[in-house]
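Any value given below was found using the heavy atoms of this structure, including those in side chains, with hydrogens, waters and symmetry copies removed.
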Amino acid sequence: MAGATLGDLAGAVGAELPRDLRRAKGLVGQLLEAYLGASAGSRALPDFPELAIELKSLPLDRSGKPLESTFVCSIPIADMAAVEWTSSRVRRKLSRVLWVPVEAEPALALAQRRFGQALLWSPSPEEEQALAEDWLELAGYIGRGQVEALTGHRGRFLQVRPKAAHGRARRLAFDADGAPIAAMPRGFYLRPSFTRAIIERHYALPR
DNA sequence: TTGTGATCATCT
DNA sequence: AGATGATCACAA
């Protein structure tokens, strides 16, 4: 796919491209899934279950820097106290990722945005250690009933942010006293600084 | 309704 | 500009 455009892939899978992504935020990822034959749909499985590979598009600006954070997974808030890093969704999701860079300058028409060379990646021991540290801190808050005190400011590379269909969405959670509360659904996200480091380590960037 | 695909919109 | 919090579409 390297060098192919969004328009090329849309043509190959018989999809129409909208004018912009405002009402099609996941379009690039869904185009990739269709083109590559990812089979997991919206189930809580890797995109390629037989290969244990997660597929992630990575929107870059003209200098090769990620323009957005990367959604990793939703958070089972009520169960967080019982989860360990080793068996966490974050670790599973990030254990093997096919990153697909894609041009994402807002000024560049969708059909003309090009894909870069994909990268099959697994975290290095250092990266895994850093992610585990963040996860431990963030999961710790949630497990101790502090989910409402968690903002996107916490976490060096991994962060917790709202992840919902709309502002009224709520999930079961527990406060510090163990009493049930209705909390905003949250997800784990990778900060751009983390994906930027991946890009810098594995690609020769334009200057 | 929930999880997956993410980017948008707004504030600092 | 960069980051956080909010939001949009679709499948099951």
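Remark: A:R22 is not in phosphate contact with B:dA6, judged by side-chain N or O atoms under 4.0 Å from OP1 or OP2. Within the structure, every side-chain polar atom (N or O) of A:K163 is placed at least 4.0 Å from both OP1 and OP2 of C:dG5. At the phosphate of B:dG5, OP1 or OP2 sits under 4.0 Å from a side-chain N or O atom of A:K93. Distances shorter than 4.0 Å separate none of the side-chain N or O atoms of A:S57 from OP1 or OP2 on B:dG5. In terms of phosphate contacts, A:Q159 brings a side-chain nitrogen or oxygen within less than 4.0 Å of OP1 or OP2 of C:dT4.
Between A:R62 and A:E103 there is no salt bridge, since no side-chain nitrogen of the basic residue lies less than 4.0 Å from a carboxylate oxygen of the acidic one. Contact check on A:E137 versus A:R154 returns a salt bridge, with a Lys/Arg side-chain nitrogen under 4.0 Å from an Asp/Glu carboxylate oxygen. Between A:E200 and A:K65 there is no salt bridge, since no side-chain N of the basic residue sits under 4.0 Å from a carboxylate O of the acidic one.
If you find the closest nucleotide of DNA chain C to A:M184 and to A:K65, the one lying nearer the 5' end belongs to A:K65. In terms of position along DNA chain C, the nucleotide closest to A:E68 lies nearer the 5' end than the nucleotide closest to the other residue of the pair A:E68 and A:A165. Between A:H166 and A:S69, it is A:H166 whose nearest contact on DNA chain B lies nearer the 5' terminus.
Remark: P of B:dC8 and CZ of A:R19 are 12 Å apart, rounded to the nearest angstrom. In this structure, NZ of A:K25 is placed 7 Å from C1' of C:dA6, rounded to the nearest angstrom. Atom pair A:R92:CZ and B:dG3:P shows a separation of 13 Å (rounding to whole Å applied). Distance, A:R170 CZ to B:dT1 C1': 15 Å, rounded to whole Å. At whole-Å resolution of the value, CG in A:L67 and P in C:dG2 are 9 Å apart. Atom CG of A:L58 and atom P of B:dA6 are 10 Å apart (whole Å). If you measure from atom CG of A:L27 to atom P of C:dT7, you get 22 Å, rounded to the nearest angstrom. As rounded to whole Å, 15 Å separates atom C1' of B:dT7 from atom CD of A:E105.
One finds the OG1 atom of A:T70 at 4.5 Å from the CH2 atom of A:W99 (value rounded to the nearest 0.5 Å). The line from CZ of A:R196 to CZ of A:R191 is 12.0 Å long, rounded to the nearest 0.5 Å. With values rounded to the nearest 0.5 angstrom, A:K163 atom NZ is found 11.5 Å from A:I75 atom CD1.
Here A:G26 lies in heavy-atom contact (under 4.0 Å) with a base. Note on A:R23: only backbone sugar-phosphate atoms sit closer than 4.0 angstrom, heavy atoms only; bases stay farther off. Using a 4.0 Å heavy-atom distance criterion, A:P59 is classed as a sugar-phosphate-only contact.
Its side chain within the 4.5 Å cluster rule, A:Y189 clusters with A:F71 among the Ile, Leu, Val, Met, Phe, Trp and Tyr residues.
Here the side chain of A:T151 is nearest to one of C:dG5, C:dT7, B:dG5, namely C:dG5. Nearest to the side-chain atoms of A:P162 among the listed nucleotides B:dC8, B:dG5, C:dG5 stands C:dG5. Comparing C:dT7, B:dA6, B:dT7 by their closest approach to the side chain of A:A164 singles out C:dT7.
If you check residues 189-201 of chain A against DNA chain C, the residues with a heavy atom closer than 4.0 Å are A:Y189, A:R191, listed by number.
At least one donor-acceptor pair closer than 3.5 Å links the side chain of A:R113 to the backbone N or O of A:L108.
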